[in-house]
Every structure is written in structure tokens, then in C-alpha cells.
Novice: 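Shown below is the structure under consideration.
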Protein chains: 2
Amino acid sequence: MKKTTPIPARTIERMVLYKRLLIDLKSKGVHTLFSHQLAALAHNTSTQVRRDLMEIGHSGSPRKGYDVTELISNISGILDGSKERIIALVGVGNLGRAILSYFTYSHPGLTIAAAFDTDENKVDRVISGCRCFHMSQFESKIAEMHINLGIITVPAAQAQFVADRMVAAGIKGILNFAPVPLKVPGGVFVDRIDIASSLEKLAYFAELS
Amino acid sequence: MKKTTPIPARTIERMVLYKRLLIDLKSKGVHTLFSHQLAALAHNTSTQVRRDLMEIGHSGSPRKGYDVTELISNISGILDGSKERIIALVGVGNLGRAILSYFTYSHPGLTIAAAFDTDENKVDRVISGCRCFHMSQFESKIAEMHINLGIITVPAAQAQFVADRMVAAGIKGILNFAPVPLKVPGGVFVDRIDIASSLEKLAYFAELS
DNA sequence: GATTATATGTGATATATTTCACAACAGGAA
DNA sequence: TTCCTGTTGTGAAATATATCACATATAATC
């Protein structure tokens, strides 16, 4: 029996957080916890937590709460799908390098397998722990390494071009740091992280006080 | 009298995007446009655009559409509040430096005035175009420079401590790159950018195909 | 074993956000 | 001027998301 309704994006985001918090708790020797405890850590309500767990069909015990190990395993079962997730990063500028070095030193399950750029000074070297190739090798490396996710850290003007090549190469998910919306065909999921935009939003809402 | 209901966060996010797109259009000599044209660029619907503009009380003409200059000015009036927005960044690691260099070369209205770290090798130098101070000078520099927004790019373990100091120093908005939810008193706005989390979400939704 | 106190799981409800559908309108054409 | 076309502005409906409220369950205690 599978899930009939797809799990909402908001729920998935919280699930990722729960998983991280739970792994941390487990490492501290916590074996069991209540919805209101997880809620306090995740900074939301116990009802929200229970609703979310209901979404993935996880059950706890009214008096003992939830088993941490079992819950981690259930959440992971949802988040870590069937396929291996192998990532390519395009654009080895400041931000690209920062992300590379963030992910090279241990990040279980998420591996940036290759980086790409057009700058000859960066190509064919190991930068921030990741092998960097020229864009001319993009398609062949994607296929060879079974890469299915992409990170775009190129300037805005080139982002769509890179996205198009990613899509053509069969990549199914793109994380876009360039401050432009990308046009992709259905079946490809795009998420955007826009630092300048976040700061503007911040400025707006901070203004209130 | 202006807005009775606060403008929703989602609308503000789109507004930031509209503004950027419009400024770009203006520089290309476009003087007027229809809601469906802006929608195409922003990757949403004409109704959504009109609703958003209604939110800020902007009016267009049924047959001529919206005046680009006037619209930019109206959106800016909403987004750029009354106070100057001056930003401090704490944590001059890879990500911190990437953000600093991203913002030093031209970003109108958003200035990172100072960076802070505890590493003696970074302190009292100009890094990626921004002056870096020791954390011991944090409170005095915040006051002196009238800083009201903060960016946290320290490891998770130190994020709450930094946030507490920011709040105590009077900062009203925090952009948090550390993968932990921050606890702050009401009146302080926090936004989180969690790259690992975004990748996990990406992996989940890309899995579908 | 019965009682009790405290959590869970969830239908119902409330709120937030988006989309629909269409009346009102403005400019160009005849 | 009057008609026609294509767009705006927005009430109403639909959808998505979060919260409430409570019946149900279970471990600990007596």
C-alpha cells in the first residue's frame, strides 16, 4: 500500500528538520520522545508534529511517545527515495566553492560528485574537495556518473542555459542560486535559493518594529 | 491611511522578484507592460500578478497595462522601508566569504557594513571587500554603525549564541544559514536558508519521475 | 484488575493563499 | 460618436495549510 495523496512540500521541509533533530537526539542517548518535545525543538506545535507524522503513517504510543530510532527510520524511508542521489554543481565561483567545501566534509547521502565551469584555471583540478571539469564534458560526465540532481551557481545571465543543458542531460531536480526563475519542462523540480531576495524580505519584515 | 492588513510573506517574495524583473525591463527600454507579460517573466499567472499589485494599491490602465517606472517606484516604496538597512555578517567561513563577495560588488540598498569572527587570522582585515572585526567588538560596532540586520554563517552549535547577541544588540532581522531553528523574542524576524535541507527536499520531489 | 493521568490520532474547523469568473473600463477603429 | 476588443480589478469559490477539540488508547499506580 502506498501513499495516495502526495506529501505537501511544507511537510517535507519539516520532516527534513525532524530527521536532523532526531539524529542529534539519538546521538545524545535519547530513545523516546513526545510530540510536544519534538515540537519545542522544531519550533512549532505538537499538533503540527502529530499531523506530519500521520502523513507518513508513523504511530507512537500514548504514554511512551515516539521511538526515536523507529521514527528516524520511517522519515528516512520517505525522504531517501529508491535511487541514489548524485549531484553536479555548475559554476565554481565564490558561492559554488562555499557549497562544495560545505558538502565535502561529511554529508551522508548527499554527494556532490562533480563540479563544472568554463574557466580554464579551474578545470581539471580538485577544488574544495571536488573534481572540476570543463562544461564541454558536462553531458558525458552526467551520464557516466549517474548524476540526477544539479546545483546552479552561475551568474543570472547563464542560469537558463545551464538549466537547459541539465534538463537535456536527464537531471530531474535543480537547486538554483541564480536570481532568475528557470523555465523547465514538467517532471523536473526546481527550487530557488535567492540570498538577495531573502535579505530584501528580511528588511521588509524587520521594518515593522 | 494605508495598508490595514499586513502584506503576506509570499506576496513580498514575489514583489522582490517583480521589482528586479521590472528594473531589468526598464533598462531595456520597456515603458509599459501587461499583467500577463510580467506573469510570464515571473513564472506565474496574470491573476496572481494583479492580486499582488492590488495588495500594494497599484493601478494600471485596462488597455495600456502598467507603467514600468511607476510600478517600480510603488514596489520600492513598499519594500524599501523608512530606515536605512545596514547588515552585519557573523562567521567568516567559506559561506560567509561567498556572501560577502557577492554583496560587495554592487548591490543597491543592501550593504554589509561589517563582518565578525573569533579567528585572529581574520580579524582586523578586509576580507572579500568587507572589514572584519573580532566578536568582542560586536555590540559596540552594531551601535556605532547603526546596524539593524544580521546574517549568521557560523556552525550550528554557535548559531543560537550569536542570535542572542544580535537580539541583545537591537538587531531586528536575522538571516540564518545555520541548520538549526533559532529562538528569538517577538519583534525579531528570522528567515532561514538551509542548503542541505533544500537539497533533501529537492531529492524527494525529483524522485517522483 | 481497576483507576487515573497524560499522549496520541483525527474529524471538524479555521485561516491563508490561489484561482475563477466576470463586471467595469479605456483606448482604437469605423 | 459609438462600437468593439482586450485588459484591469475584485467578489466569490476553490484549494491548501494549520489549529482545535476530543474520543481513544496505554502505561503506571494502587
Side-chain angles (χ1 to χ4, degrees), chain A residues 1 3-18 22 25 30-68 70-71 74-75 78 181 189 191 201 204-205 208, chain B residues 2-18 22 25 30-68 70-71 74-75 78 181 189 191 201 204-205 208:
Chain A
M1 208 343 256
K3 54 175 189 299
T4 44
T5 12
I7 298 177
R10 293 288 182 69
T11 302
I12 291 295
E13 285 174 10
R14 286 190 297 266
M15 221 67 101
V16 172
L17 177 58
Y18 297 158
L22 289 165
L25 285 172
V30 177
H31 290 122
T32 194
L33 92 171
F34 298 121
S35 60
H36 66 262
Q37 297 176 305
L38 185 51
L41 294 170
H43 223 241
N44 63 163
T45 69
S46 64
T47 305
Q48 180 82 79
V49 169
R50 293 202 300 279
R51 226 351 115 190
D52 288 340
L53 299 192
M54 189 180 127
E55 199 77 55
I56 62 167
H58 181 89
S59 285
S61 151
R63 286 287 303 226
K64 290 197 308 182
Y66 302 97
D67 181 89
V68 173
E70 192 189 331
L71 186 46
N74 270 352
I75 294 177
I78 300 292
F189 179 81
D191 199 8
K201 189 173 70 168
Y204 176 78
F205 285 106
L208 301 179
Chain B
K2 272 304 153 67
K3 57 180 192 298
T4 44
T5 14
I7 299 175
R10 294 287 183 69
T11 303
I12 291 296
E13 284 173 9
R14 287 191 295 269
M15 220 67 97
V16 172
L17 176 58
Y18 297 158
L22 288 165
L25 285 172
V30 177
H31 290 121
T32 193
L33 91 172
F34 299 121
S35 60
H36 67 262
Q37 297 176 303
L38 185 51
L41 294 170
H43 222 243
N44 64 164
T45 69
S46 64
T47 305
Q48 179 84 80
V49 169
R50 292 202 301 278
R51 223 355 107 196
D52 289 339
L53 299 191
M54 189 178 126
E55 199 78 55
I56 62 167
H58 182 90
S59 287
S61 150
R63 288 285 306 228
K64 289 196 308 182
Y66 301 97
D67 181 90
V68 173
E70 191 189 332
L71 186 46
N74 271 352
I75 293 177
I78 299 293
F189 180 81
D191 200 9
K201 190 174 71 169
Y204 176 79
F205 285 106
L208 302 178

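Numbers restart at 1 for each chain; the letters A, B, ... are given by sequence-line order, proteins then strands. Heavy-atom basis, side chains included; hydrogens, waters and symmetry copies ignored.
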Novice: Do B/M15 and B/I78 have side chains that get closer than 4.5 Å, going by heavy atoms?
Specialist: no
Novice: For nucleotides 3-11 of chain C, just jot down a letter per nucleotide in 5' to 3' order: B, S or -, based on protein non-hydrogen atoms under 4.0 Å.
Specialist: --BBBBBBB
Novice: Once rounded to the nearest 0.5 Å, what's the spacing between atom CG of A/L22 and atom CD of A/E70?
Specialist: 11.5 Å
Novice: Is it the case that more than 12 heavy atoms not belonging to A/H31 sit under 6.0 Å from its NE2 atom?
Specialist: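 Atom NE2 in A/H31 is not packed in, count stays at 12 or less.
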Novice: Roughly how many Å is it from CG in B/D52 to C1' in D/dT8, rounded to a whole number?
Specialist: 15 Å
Novice: Mind listing the N/O atom pairs, protein and nucleotides 14-16 of chain C, below 3.5 Å?
Specialist:
none

Novice: Kindly give the heavy-atom pair with the smallest separation between B/Y66 and B/H58, and that separation in Å.
Specialist: CD2-CD2, 3.5 Å
Novice: Looking at residues at least two apart in the chain, or sitting in another chain, which of them share a ring pair (Phe, Tyr, Trp, His ring centres under 6.0 Å) with B/Y18?
Specialist: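 Scan of B/Y18 (ring pair (Phe, Tyr, Trp, His ring centres under 6.0 Å), adjacent residues dropped) gives none.
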Novice: Using whole Å, report how far NE2 of A/H43 lies from P of D/dA18.
Specialist: 16 Å
Novice: Over how many whole Å does the gap from B/E55 atom CD to D/dG11 atom P extend?
Specialist: 12 Å
Novice: Closest heavy-atom contact between B/L41 and A/P181?
Specialist: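 What the structure gives for the nearest pair is O-CG, 3.5 Å.
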Novice: Side chains of B/L17 and B/E13: closer than 4.5 Å at any heavy-atom pair?
Specialist: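 Contact flag for B/L17/B/E13 side chains = no.
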Novice: May I have the distance from A/I7 (atom CD1) to D/dA18 (atom P), rounded to whole angstrom?
Specialist: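 Going from A/I7 (CD1) to D/dA18 (P), I get 14 Å.
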Novice: Are side-chain heavy atoms of B/Y204 and A/I7 found at a separation under 4.5 Å?
Specialist: yes
